[in-house]
Amino acid sequence: MSRTRRTYALTAAVAAIVTAANASQSAYFSQSWGWVALAFLLPTTVLLILERASAPGRLRIAFASLTGALAVWIALSSLWSISAPASLRELERMLVYVAVALAIALVLRRGDAPGVFAGIGLGVLLVCGYALATRLFPDRLHTYDDPYVSNRLAEPLGYWNALGLLATLGLVVVAGFVAHSRRVGPALLGAAALPVLATTLYFTFSRGAWAALIIGFAVAVVVDPRRLRLVWTALGVAVPTAVCIAYASRLDALTTEDALPASAAREGHRLAVVVAVAAVTSALMALAVRSVARRVPASRRSRRAFDVGLIAFAVAAVAVALVSVGGPAAAFDKLDQRFNADPVVGVDLNDRLFSVSGNGRSEQIRVAWDAGRERPLVGQGSGTFEYLWYERRPNLLVVRDGHSLYMETFAELGLVGLALLVSALLALAVGGVRARRQRFLATGVGALAAWAAASAFDWHWEMVGVTLTALLAGGAGLVASERGASRSLGLRARGALVAAGVLLSVFATWSLVGNQALFAARDALGRKDWSSAGDHGRRARSLLFWSYEPDVVLGDAAAGSGDRDGALRAYRDAVAADPNNWVTWLRLAQVARGPERAAAYDRVRQLNPREEGLPGE
């Protein structure tokens, strides 16, 4: 296959998986994990069988090995976990990241970076374009109103911060294309995409995503040896985008809660015209700045002067900021106070962008820290933060995932798991930095840095679509950093990898079929089709034999049909499978009688002391 055809094929494949995974609520729910993993595992295994995969270099081997070791550690944590089913459930999710790591290690080749980044940019644009269209044309496209905060753009991912981060990844990657693409066409298309991505980011009202954008672009500028061109191009194309966002911020019906649908539709239609004009203007600006950069090449002296000026500007900005607040100690104290302050509550969603309130994150981080200190080496078991939170939460806030990847990993997997995770991410970063002189690779490092920074204060690891997008952006640098000639895999190595690919594919298929049955059962429960729910639940239990969830579904189906004895048996099985899950005990208490009922309610109070409305309270 020629280089051009391979680039087009890779662009289409990456765009398809990025679009599909993120359009399916970012593959957050377990019924998506199997098919996303298979989307990477099957091509990798087929290429191994056809002897089309080459031997990876040291960094790719390190990344794949560390990712695999993290998966093994998650599996082992089920032996000491406070909830073995929760840990094995996390192993199902981790299979996706193992599949991504194997694809990066065995499928990608040197020269594939343009195809990978073009696919990421196209996939993110398709997802964000749909999301923005729901805001611009609410009278024609279905929109989702979150009961927690209305009028914040979240679909199709289902979480506004994740959609904002996805748009950020797209902005950083596309900026590299606009600045460094050798062909004019891709650069102009990328420039036209910037207003769409940035306006989508704006309507999420995600402070974390904006902070991640600043960090990601700053890292790209530092890493990129052609930083002068990157900054010059970004400044040029940023003008139409900034004007578009400034106009959008003045549209009350699109930036306030509980706006009238007719007003929102009218303002959305007007903004659609402004976005289209901004896209065309951005493309023209890109053409102009590229023309200037080509006709006025920067000398080595001018590049050095720019670097010195950039450093001086950064140092001066930090110094002025620290002096204005009274020094580093005072700055930290003020930031800590504002982070722990109550969240901003108001009609105007623009007010959120100027608040640094953590919305309860400090309490969640504290719970994770305390749990990790109890078992610092091995942790409490993967996937158990929800259990820890309900047992120790200082308030009634409902939380399933800790809002910090690193602190949650410390709590669940201890220092060993945290070291494996950080080492795998560092391997990606090192590869990108080593390959920084090649086109687009610096912005790949920037995109990875944006995701890593945002994940320090949110649960983006669980948003599989967003995370695999960041891993692909970082993974391109691993391949590009390799210097030696590509080598073919030995017979034994290829045979072992084929066997591993087949086994992992079987596990992914098993997980996919089991979780599809589980969700079909839940759907039947919603329709009050008790018989169908029972059939699907039994199929799910035969496949997901380690999980308590099929038993809960079976109990709900039996209870709905009036079969109290059947519900009791199913709920008892759920309790036996996961004795530290307060929900299973609550289900049992609701159908049991006498001493068993009282004992079940007592167990609920032990596992979730702040639960309200229980008998006797």
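Computed from a predicted structure; not experimentally measured.
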Verdict with supporting geometry, Arg60 and Val479, side chain to side chain contact (heavy atoms under 4.5 Å, CB included): CA-CA 7 Å; Arg60 278 195 284 173; Val479 189; 3.7 Å; yes

Closest contact, heavy atoms only, Phe177 versus Pro114: CZ-O, 3.6 Å

Taking only residues two or more places apart in sequence or in another chain, which ones pass salt bridge (charged side-chain N to carboxylate O under 4.0 Å, His left out) with Arg392? Glu374

Would you say the ring centers of Trp510 and Trp33 fall short of 6.0 Å from each other? no

Just by modelled atom types, is the Leu102 backbone N or O under 3.5 Å from a matching donor or acceptor in the Thr44 side chain? no

Show me, pair by pair, the donor-acceptor contacts under 3.5 angstrom made by side chains of residues 407-425, not counting sequence neighbours?
residue: Glu408; atom: OE1; partner: Gly402; partner atom: N; Å: 3.2
residue: Thr409; atom: OG1; partner: Leu405; partner atom: O; Å: 2.6
residue: Glu412; atom: OE1; partner: Gly383; partner atom: N; Å: 2.9
residue: Glu412; atom: OE2; partner: Thr384; partner atom: N; Å: 3.2
residue: Glu412; atom: OE2; partner: Phe385; partner atom: N; Å: 2.9
residue: Ser423; atom: OG; partner: Ala419; partner atom: O; Å: 2.7

Under the side chain to side chain contact (heavy atoms under 4.5 Å, CB included) criterion, do Thr168 and Trp210 qualify, and how do the steps go? CA-CA 7 Å; Thr168 290; Trp210 280 108; over 6 Å; no

What heavy-atom pair brings Ala131 and Leu163 nearest, and what distance separates the two atoms? CB-CD2, 3.8 Å

Cationic N near anionic O, under 4.0 Å, Glu363 to Arg393: no

Return yes if a side-chain donor-acceptor contact under 3.5 Å exists between His180 and Asp224, otherwise no. yes

Holding to ring-ring contact (aromatic ring centres under 6.0 Å, His included), I want the full list of residues that pass it with Tyr159, two or more places apart in sequence or in another chain. Trp459

What is the minimum heavy-atom distance between Asn161 and His460, and which atoms define it? O-CE1, 3.6 Å

Side chains of Ser382 and Ser87, donor plus acceptor under 3.5 Å: no

Side-chain donor-acceptor pairs of residues 441-454 under 3.5 Å, sequence neighbours excluded:
residue: Thr443; atom: OG1; partner: Phe440; partner atom: O; Å: 2.7
residue: Trp451; atom: NE1; partner: Thr467; partner atom: OG1; Å: 3.3

Would you check if Arg226 and Leu230 make a side-chain contact, meaning some heavy-atom pair closer than 4.5 Å? no

Sorted by chain and residue number, the salt bridge (charged side-chain N to carboxylate O under 4.0 Å, His left out) partners of Glu386 (sequence neighbours excluded) come out as Arg400

Which pair of non-hydrogen atoms, one from Ala75 and one from Leu91, has the smallest distance, and what is that distance? CB-CD2, 3.8 Å

Can you tell me if Trp80 has over 12 outside heavy atoms packed within less than 6.0 Å of its CH2? yes

Tyr387 and Ser83: side chain donor to acceptor below 3.5 Å: yes

Distance-only donor-acceptor hits, side chain of residues 11-21, under 3.5 Å, sequence neighbours excluded:
residue: Thr11; atom: OG1; partner: Thr7; partner atom: O; Å: 2.8
residue: Thr11; atom: OG1; partner: Gly115; partner atom: O; Å: 3.3
residue: Thr19; atom: OG1; partner: Ala15; partner atom: O; Å: 2.7

